[in-house]
Amino acid sequence: MDQQYDPKSLEANAQQFWAENGSFEVSEDPARDSYYCLSMFPYPSGKLHMGHVRNYTIGDVISRFKRMQGKNVLQPMGWDAFGMPAENAAIKNNVPPAKWTYENIDYMREQLQSLGFGYDWKRELATCDPNYYRWEQWFFTRLMEKGIAYKKTAPVNWCPHDLTVLANEQVIEGCCWRCDTPVERREIAQWFLKITDYAEQLLADLDTVEWPEQVKTMQRNWIGRSEGMEVKFEVPGHDSLMVYTTRPDTLYGATFMAIAAEHPLSLSVAVQHPELTEFIEACKQTNTAEAELEKMEKRGFPLGINAVNPVNGEEIPIWVANFVLMGYGTGAIMSVPAHDHRDWEFAKKYGIEIRQVVAPSDGSEVDLEAGAYITKEGVCCNSGTLDGLDFKTAFNAIADNIEEQQKGSRQVNYRLRDWGVSRQRYWGAPIPVINCQACGTVPVPKHDLPVVLPEDIEFEGIGSPIKSMDSFINTTCPRCGEAAERETDTFDTFMESSWYYARYACSDQTDAMLDQRADYWTPVDHYIGGIEHAILHLLYARFYHKLMRDEGLVHSDEPFKSLLTQGMVLKDGSKMSKSKGNTVDPQLLIDSFGADTVRLFVMFASPPEQSLEWSDAGVEGAHRFLKRLWHIIHQHIDSSNDRIADLDVSNLNTIQKAMRLKLHETIRKVSDDFSRRLTFNTAIAANMELLNAVSKFDDDSDQGRSIRQEVFDNMALMLAPIIPHVCHQLWRELGHDSIIIDHAWPQVDESALVQDSIEMVIQVNGKLRGKMQVSTDVDKTSCEAAALDNEQVKRFIGGQAVRKVIVVPGKLVNIVV
RNA sequence: GCCAGCGUGGUGAAAUUGGUAGACACAGGGGAUUCAAAAUCCCCCGCCUUCACGGGCUUGGCGGUUCGAGUCCGCCCGCUGGUACCA
């Protein structure tokens, strides 16, 4: 009989088997090698999108593969449940964010289960659960005590019409996304974590993790360590200006200073200066995004005050400039237009002197009319005693000089800024702080935690409802007992996603943030997620891990040993995302073709690190392969009702040997693809080739049937991580009592790989001109002779003299004439 | 703007350490089967040229290194992600 491939019932059966047997529930076993495979948890936006399917299929394939290799595998799943979309949905559909979120979670959990992912659901967590965020609140109060959490003012996007703070993505072409009012930059007090204290460690430890080089490079550049100087410029009649520069060797070329609009010096002059006040107001008409600030037109306003250049006593004008920001660095910079791109543009625009102080070391001229000359390879000129010195020598000379005069000092600086964790939003973890008139900001004591976010709320306006909720706000000061107010800001959602990986190890722990189980599982062996998280999420999580280490909660330096950054699933050329509304619903595909087809297709369509332009075509091809696999294996089973004879490998004919060669070459390749290369698309292609080969292998002898059984057994094993449902079933039908998820990964039979002869390519002047079959133990000389003797090759050489012959053993012979 | 990546047939891709460009699929064309269709099976399938054998061209563009470059180097073009309050 020949059953039809029926994914619906087959997948339900396999999933039921795994659930009933708790197949993916794991416990800590010190005797076994642990393997923690983690995929980035999803934001519960409503339903899974293809990016999720891709991410979680990759994770599941790796998990199942490692399990077959004998590891004690943990693969958990949970929900990054706080965030803005829940608030947007609340406004749009008048449904409380909590309800919306929990309903989404329930639906998406079912979708994940229907895809057959091997998660330990006992460890599931949602970050909006007070049992989760209470520990984040507790940890924050510890950071306050240590001085790592502190408060300062920082700019936000402010909509003057809606009277609310906007996220960068809510600012469309400089205007509020709801009311189209031009957005302003406004300084408000916010909480920060001193990630800059860990900059050096975050930089150094990048060398210890097995991450893609591109991600490490991005993080290094983001941290942006630079060695330079802080230099003090006296301002007669005012406070001096402190600036940071990486190019003190160009100090003689400084022809102006630029300060932020909100700089105290600027503000004090503005008091008597309406035009400047107007300019300062104009500078606020911008959002806070770096890309916008860099692209906007650079504008300035002369302050009418001079600063004194400490190296030569020269007075240079101070300008207020819209591209200098108060929050970053000292809010003031020195400008050397001849050797800085931005300063050059500014000087050109406002007719400020461009003075060359670096010249090419070969003595050639540079054209400063065409643009700034930016290099560290030149020599100083027009710089007094520095003239003729190279960058390093000049740097040290000027640094020594300035330090002696106490006008500045050498300084290591980072581009990285402290992490602002305050959000003026509702759907987030409340910042556990009480503001008391007498005592100031007081952390909520551990026994009063969690500060629970009220979930039963009316979400009408645009602002956060707890900002006007007296029952939430009014409280008493834990220190003095007097009436006090709660902080109504919530945490950045990156806070929750910075430690969830560790919480999975002990998500049932009610008395502590983490326990010793975290040390059994962490660091994560393999972390899988989108490349879009290469900087922020991954940097914050690394920082948090070090904070937890310093609190004694974990005992490793880094959270993620190795990292796989999957490329994005694109639709119509751009990132598939809820906000862009260009998602493809995988559910339709699961319903019509089954989970195995969807899993097979996303793994086959491209290698994990590459972006994947979605197209519906091709899914049918994956489905066809499954049907074909099912059909061919059943044909084999039906035609070998009697038992399969033992294989006698010493007594095989050429075709049988070739079939076994193909099988074991495939096992070797697929094992390498799974473990080292992580290219599942080529592993699948290799199995397709194997299926094509075995379908042509129509040897019906006992030995032939045994070989076919060997092929199918191994194919089921090799494909089990990718298409687990169908392989679960086929494995049993192939006559095995064992459960395939616990079976060992296939072994290569080295003896099957031995060949008598191989094909070699013959080139003339690098162009393919012929092929020849040679014995595997042939030496270079006879290779060369055989190549020169080839008829086709002789034609191309003609009468020309052979100048050189290159032999690459086992590959090719190149004859140069 | 800055940082990182990508660019190969009609399409998704393969080529793993500088060594046969296009494996494996999708789409398309032809055939078998069928009353017919679906499904399935078999064959063809980069471009130009040739009756054919064959030859020439081809990995975004231009240049370089090399016996040999999709792969290494330089410049340019296009696309994607990130850019600190989307997650």
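Note that these values count all heavy atoms, side chains included, but never hydrogens, waters or copies made by symmetry. Chain naming here is simple, since letters A, B, ... match the order of the sequence lines and numbering starts at 1 in each.
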How would you label the contact of [X] with the nucleic acid (heavy atoms, under 4.0 Å): base, sugar-phosphate, or nothing?
X: A:Y328; result: nothing
X: A:V761; result: base
X: A:K669; result: base
X: A:H537; result: nothing
X: A:N681; result: sugar-phosphate
X: A:R628; result: sugar-phosphate
X: A:A289; result: sugar-phosphate
X: A:N168; result: sugar-phosphate
X: A:Q214; result: sugar-phosphate
X: A:V215; result: nothing
X: A:D672; result: base
X: A:K771; result: base
X: A:L416; result: base
X: A:A605; result: sugar-phosphate

Problem - Ionic contact status for A:D489 with A:K467, cut-off 4.0 Å - result: yes
Problem - salt_bridge(A:K794, A:E791) N-O dist < 4.0 Å - result: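 Salt bridge flag = yes for A:E791 with A:K794.
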Say we look at [N] and [M]: how far apart would their [atom1] atoms be, to the nearest angstrom?
N: B:A27; M: B:G12; atom1: P; answer: 14 Å
N: B:C24; M: B:C48; atom1: C1'; answer: 27 Å
N: B:G29; M: B:A37; atom1: P; answer: 15 Å
N: B:G64; M: B:U16; atom1: P; answer: 26 Å
N: B:G63; M: B:C77; atom1: C1'; answer: 15 Å

Practice task
Provide, to the nearest angstrom, the distance between the NZ atom belonging to A:K696 and the P atom belonging to B:C43.
Solution key: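 Going from A:K696 (NZ) to B:C43 (P), I get 6 Å.
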Exercise for the section: Please report, rounded to the nearest Å, how far the P atom of B:G1 is from the CH2 atom of A:W344. Expected result: 16 Å
Within 45° of the axis and under 6.0 Å from the centre of the six-membered ring of [Y], does NZ or CZ of [X] qualify?
X: A:R185; Y: A:W158; value: no
X: A:K151; Y: A:F192; value: no
X: A:R423; Y: A:F491; value: no

Practice task
Determine, using ring centers only, whether A:H49 and A:H52 are less than 6.0 Å apart.
Solution key: yes
Handout entry: Donor-acceptor pair, side chain of A:N681 and main chain of A:F604, under 3.5 angstrom
Key = no
Practice task
Could you tell me whether the side chain of A:R624 has a donor or acceptor atom within less than 3.5 Å of a complementary atom in the base of B:U40?
Solution key: no
Handout entry: Check: B:C3 base within 3.5 Å donor-acceptor of A:N221 side chain
Key = no
Practice task
Let me have RNA chain B in dot-bracket notation, would you? Count Watson-Crick plus G-U wobble pairs, both distances under 3.5 Å, and use [ ] for pairs crossing earlier ones and | for inter-strand partners.
Solution key: (((((((..(((......[....))).(((((.......))))).((((....))))..(((((..]....))))))))))))....
Problem - Side chain to side chain, A:L812 and A:Q763, heavy atoms closer than 4.5 Å - result: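 Yes, side chains in contact.
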